[in-house]
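This report refers to the structure that appears directly beneath it.
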Amino acid sequence: MSTADIIARCEALYEDLDFTAARQWKEADPSRKVIAYMPVYVPREIIHAAGMLPLGIMGGGDGLEVIHGDAFYQSYICRIPRSTIELGLSKRMDFVDGMLFPSICDVIRNLSGMWKLMFPGKYVRYFDVPQNYRDNVGGNYYTNELNELREGLEHLSGRKITDEALRASIAVYNENRKLVQDVYGLRSREPWKVPSADVYLLMRAGLVLPVEEHNQMLKDYLAAAVKVEAQKRDNCRVIINGSFCEQPPLNLIKSIELSGCYIVDDDYMIVHRFLRNEVSTAGDPMQNLSLAFLHESISTAAKYDDKEEDKGKYLLEQVRSNAAEGVIFAAPSFCDPALLERPMLADRCSEHKVPYISFKYAENSGQMQPIREQAGTFADSIKLWS
Amino acid sequence: MSAKTNPEVIKESSMVKQKGMIAGNYDRLTGTKESGEKVVSTFVPGNLNELIMCFDMVNNLPETNAIQNGMRKQSGGMIMDAEKAGHSEDVCTYVKADIGMMGRGNIAPNGKPMPAPDMLLLSYTGCFTFMKWFELLRHEYKCPTVMLQIPYQGDGKITKNMRDFVVKQLKEEVIPMFEQVSGVKFDIDRLREYLKNSAKAEDNLVWVLESAKNRPSPIDAYFGGVYYIGPMFTAFRGTTDAVEYYDLVRGEIEQRIREGKGPITPEGDMKEEKYRLVVEGPPNWTSFREFWKLFYDEGAVVVASSYTKVGGLYDQGFRHDPNDPLGTLADYCLGCYANNNLPQRVELLEKYMNEYQADGLLINSIKSCNSFSAGQLLMMREIEKRTGKPAAFIETDLVDPRYFSHANVKNRLESYFQMVDQKRSGASLATA
Ligand code: SF4
Ligand code: SF4
């Protein structure tokens, strides 16, 4: 199979706002359940161990006409909650049995309550994570929260989630994490072979497919990508930061590359890479997931940085380890966490002489020209001055 | 400003006392260089005033500073300064007003410079912006910062796990940091004493808020609530001054009820009470008087509001409990209005609509405050559906004058009052 074949499938999944693949998965066995989750992070291992399908919901993108959703939000609120409501009201998510709203910002938090009011009877959980990273403080709290999620899902499915099942799920997701890192690693080394739009679509597919299938897809892609013959261009290497929730239209990602930038790292769909290392499969699985969150999770605006010196550390590390020449801060309009974080990260970039630019987008942004121009100028200036 | 709209014109003794207390606090704050007292910056919702007092520290509330600057028409420039310095136009204007204030020398309302905080206490409820705000302040001040994470009531209840987590953070993170910065050892009995004072003041505060059930209402539970009744509460809760203050207010309101008077406004007693409203959302501060005037000129009084509950939902039964000092602080923080989930917020508003016999609900949606605003349109519909009473929606901002349009708000309110009138005549026709 060629990379083009794989990506064609991913693109079809990406465009399918009826989530047909997930519907089919569910229909294959009447006992199956689907649990959707909003961006950033939820421990999919627990959903998987319950025999359920975790389904990542990233809003409606530019392919969805928002008819009802706009009536629920004022103009100064980002787009992802309104298109998500649209997905709900237009029955595109009617097969979904429950929804997790990770603690990421006030909009998602309130959306969890709106979901309760609008879809009574559905399992809805606001999924909180600790902002205190000490084992016996935040860790204890988080382990208990994980157990509450476990109980909730047991209740929904009517079957126990055993420790063995959890360990097995952790192992499958460890494999997924490893393969995801491999794809990112390959792109970082040879971005001309692995276009960012490919990586993006591959990761999007991982939100809607069973993890086992995604693992196979990643393996196939990796095998095919090394054989790709592509011309290395004189692009500059950039990191995208701030796009962890509402996603830009695919064209925006393509535009950045077309303007002369190779995206060598990003924070799109960070759920796949939230835990940076393997989670232990020995001992208590809940505690392992909890410890991994406390000590191995990436830094993002939805998290609190314990110490001032940690601010921007992860971003600078991304810059260094990917030999990036600049950072593009690309955040959804009205996105509080990304936009409040940005000045601090920008300061760190300045301190370390890392060039950066900033812009905002919306999931339905149509005009790519200004972004292409801005990114092009940025790329030129890097090439000129570095 | 005309003498007529000057709030100094009408003074009850409680107002004189309040003014003195607030001024005294600012003098204490700006005098710490001389006095050697230490300063802690912290937030209003879920604040730990009683605990702070145990360490002899003075508290500085950046939101209150932003409000003060908003009311004195200073915040607009500060916000623009922050935006010029790279802060987004999309984010909470309190944060930008605060950051812009630093750039202008951090001058307190008494004209003296504010001291830099010795410590940041990031105890926040119900709003993520707070977390980033204090990261931004820490970025600036590089001072010790302690975080007290308050889990959100996603399921509409406070679980044991949440409560234990908060208590544990108090014991293992917050108190040790206070001891270290202040050099004062924690004394739980001292905390109990302050909590006793809090509970006393809380009783009277609730009594005052509930006096709005009278007709006419002797208070305005939104404008008056934040101007005369509420501000004392957070920064002074736990002090004997606060106890005395709320005693005084209660006495004054008892008197007003006896005399059948409506609320005090900046232009004197409100005359006829024509509309009783429940209001959701924070007020606009840059045009606070103008905004308020649009209501009292029409005879509209706010009988209950959710915003005055960001400092605690005392009217729903919560009292600080000296017998369980740390547990009660946890309950307090977890229970503030902004930490309630959307269905709880709807229920509370519905309850207010019924208990206070309101004619309608008004939502002031704040452009830069997602914590309050995201979801308010659904809340509005729910309330209309559940109570059959009309609801209206206006949009302003907290401290950014660019987003207050007097004409728009006026139009909206006028048509809203017409709607209430129609609804009433419709109802009376139906019962006739
Ligand atoms: S885009 Fe930003 S503000 Fe909007 S829901 Fe996502 S994290 Fe929250
Ligand atoms: S977003 Fe709203 S609740 Fe949060 S700090 Fe700003 S004004 Fe306060």
Side-chain angles (χ1 to χ4, degrees), chain A residues 71-78 81 101 103-114 116-118 124-128 130-132 134 136-138 140-142 144-145 147-148 301-308 311 331 333-344 346-347 358 360, chain B residues 82 85-88 90-92 95 99 122 126-129 131-136 138-139 142 145 147-149 151-156 159-162 164-165 168-169 172-173 338 340-346 365 367-379 381-382 393 395:
Chain A
F72 288 88
Y73 286 105
Q74 303 88 308
S75 53
Y76 42 82
I77 290 172
C78 57
F101 294 88
S103 67
I104 152 169
C105 73
D106 299 319
V107 173
I108 299 281
R109 190 196 68 187
N110 291 0
L111 181 59
S112 73
M114 291 174 72
K116 278 179 192 269
L117 289 170
M118 295 171 75
V124 174
R125 185 168 174 85
Y126 173 77
F127 180 71
D128 216 346
Q131 305 283 3
N132 172 301
R134 277 173 54 190
N136 69 334
V137 186
N140 276 358
Y141 164 71
Y142 190 51
N144 291 335
E145 287 294 301
N147 278 319
E148 277 184 28
K303 279 174 64 186
Y304 175 66
D305 271 319
D306 231 357
K307 295 189 226 73
E308 162 68 11
K311 187 54 74 192
S333 294
F334 307 109
C335 176
D336 280 342
L339 294 169
L340 286 163
E341 184 92 342
R342 197 182 64 193
M344 292 181 276
D347 276 1
S358 316
K360 291 187 291 186
Chain B
H87 291 269
S88 167
D90 291 355
V91 302
C92 171
V95 179
I99 286 171
L122 173 44
C127 163
F128 264 77
T129 295
M131 195 167 83
K132 293 290 132 184
W133 188 350
F134 264 31
E135 283 189 356
L136 284 160
R138 183 182 61 188
H139 192 65
K142 313 266 187 282
T145 307
M147 130 87 91
L148 178 69
Q149 182 188 357
Y152 178 62
Q153 289 195 46
D155 272 336
T159 64
K160 182 174 180 299
N161 190 37
M162 295 174 180
D164 290 349
F165 177 45
K168 196 148 195 181
Q169 292 178 84
E172 298 192 15
E173 309 276 349
N340 284 10
N341 76 1
L342 226 75
Q344 286 175 292
R345 284 169 64 187
V346 170
S365 183
K367 184 185 172 287
S368 64
C369 174
N370 280 343
S371 167
F372 266 92
S373 304
Q376 280 176 329
L377 284 164
L378 179 64
M379 293 170 78
R381 287 190 205 174
E382 282 290 318
F393 207 80
E395 295 179 347

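A quick note: this is a predicted structure, and the numbers were derived from the prediction, not measured.
Contact annotation for B/Ser373: both backbone and side-chain heavy atoms come within less than 4.5 Å of a heavy atom of chain A. For B/Ala85, no part sits under 4.5 Å from any heavy atom of chain A, backbone or side chain. Interface remark: A/Pro81 contributes no atoms to any contact with chain B (heavy atom separation under 4.5 Å). In this structure, chain B has heavy atoms under 4.5 Å from both the backbone and the side chain of A/Ser103. Looking at B/Leu148, there are no atoms closer than 4.5 Å to chain A (heavy atoms on both sides), in backbone or side chain. For B/Lys160, no part lies near chain A; criterion is any non-hydrogen pair under 4.5 Å. Interface remark: B/Asp164 contributes no atoms to any contact with chain A (heavy atom separation under 4.5 Å). Heavy atoms closer than 4.5 Å to chain B are found in the side chain of A/Asp128, but not in its backbone. Neither the backbone nor the side chain of A/Leu111 comes within contact range of chain B; no heavy atom of the residue lies under 4.5 Å from a heavy atom of that chain. The contact between A/Ala302 and chain B is made entirely by backbone atoms, counting heavy-atom distances below 4.5 Å. Heavy-atom distances place the side chain of B/Gln149, and not its backbone, under 4.5 Å from chain A. Using a 4.5 Å cut-off between heavy atoms, A/Glu145 contacts chain B through both its backbone and its side chain. Looking at A/Asp306, only its backbone comes within 4.5 Å of chain B, counting heavy atoms on both sides. Interface remark: A/Tyr141 contributes backbone and side-chain atoms alike to the contact with chain B (heavy atom separation under 4.5 Å).
By number of non-hydrogen pairs under 4.5 angstrom with chain B, the leading residue of A/Cys78, A/Cys105, A/Pro130 is A/Cys105. The choice from B/Gly375, B/Ser368, B/Pro343, B/Cys369 that makes the most heavy-atom pairs within less than 4.5 Å of chain A is B/Pro343. Of the listed residues B/Thr145, B/Thr129, B/Asn370, B/Asn161, the one with more heavy-atom pairs under 4.5 angstrom with chain A than any other is B/Asn161. When each of B/Lys142, B/Lys168, B/Glu135 is checked for heavy-atom pairs under 4.5 Å with chain A, B/Glu135 comes out on top. Top candidate by heavy-atom pairs under 4.5 Å with chain B, chosen from A/Met118, A/Glu148, A/Lys307, A/Arg125, is A/Lys307. Chosen from A/Val124, A/Ile77, A/Asp336, the residue pairing most often with chain B at heavy-atom distances under 4.5 Å is A/Asp336. Heavy-atom pairs under 4.5 Å with chain A peak, among B/Gly126, B/Cys92, B/Gly156, B/Ala338, at B/Gly126. When the candidates A/Phe101, A/Tyr304, A/Phe334 are compared by the number of heavy-atom contacts under 4.5 Å with chain B, A/Tyr304 comes out ahead.
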Could you go through the side-chain contact (heavy atoms from CB on, under 4.5 Å) check for A/Val137 and B/Glu173 one step at a time? CA-CA 9 Å; A/Val137 186; B/Glu173 309 276 349; 4.0 Å; yes

Any chance you could lay out the side-chain contact (heavy atoms from CB on, under 4.5 Å) test for A/Asn132 and B/Phe165, step after step, and finish with the verdict? CA-CA 10 Å; A/Asn132 172 301; B/Phe165 177 45; 4.3 Å; yes

Applying side-chain contact (heavy atoms from CB on, under 4.5 Å), run through A/Val107 and B/Phe128 and close with a yes or a no. CA-CA 10 Å; A/Val107 173; B/Phe128 264 77; over 6 Å; no

Yes or no on side-chain contact (heavy atoms from CB on, under 4.5 Å) for B/Phe393 and A/Gln74, after CA distance, side-chain angles and deciding distance? CA-CA 10 Å; B/Phe393 207 80; A/Gln74 303 88 308; 3.5 Å; yes

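Residue A/Phe72 comes nearest to B/Arg381 through the heavy atom pair CZ-NH1, 3.2 Å, listed as atom of the first residue, atom of the second, then distance. Heavy atoms only, all atoms of each residue included: B/Leu377 and A/Ala71 are closest at CD1-O, 3.5 Å. Listed here is the closest heavy atom pair of A/Pro343 and B/Gly86: CG-O, 4.0 Å.
Of the possible polar contacts, one joining the A/Asn110 side chain to the B/Ala374 backbone as a donor-acceptor pair under 3.5 Å is found. Side chain of B/Lys132 to backbone of A/Ala301: a donor-acceptor contact under 3.5 angstrom is found.
Atom-to-atom distance recorded for A/Leu339:CG and B/His87:NE2 is 11.5 Å, nearest 0.5 angstrom. Within the model, atoms CG of A/Asp347 and CG of B/Leu136 stand 9.5 Å from one another, a figure rounded to the nearest 0.5 Å. With values rounded to the nearest 0.5 angstrom, A/Gln131 atom CD is found 5.0 Å from B/Met147 atom CE. Between B/Leu378 atom CG and A/Tyr73 atom OH the span is 8.5 Å, to the nearest 0.5 Å.
Applying the side chain to side chain donor-acceptor pair (under 3.5 Å) criterion to A/Arg109, with sequence neighbours excluded, gives A/Asp106, B/Ser371.
Taking a cutoff of 4.0 Å between a charged side-chain nitrogen and a carboxylate oxygen, B/Asp90 and A/Lys360 qualify as a salt bridge.
Inter-residue side-chain proximity for A/Lys116 and B/Asp155 is flagged as met; some heavy-atom pair is nearer than 4.5 Å.
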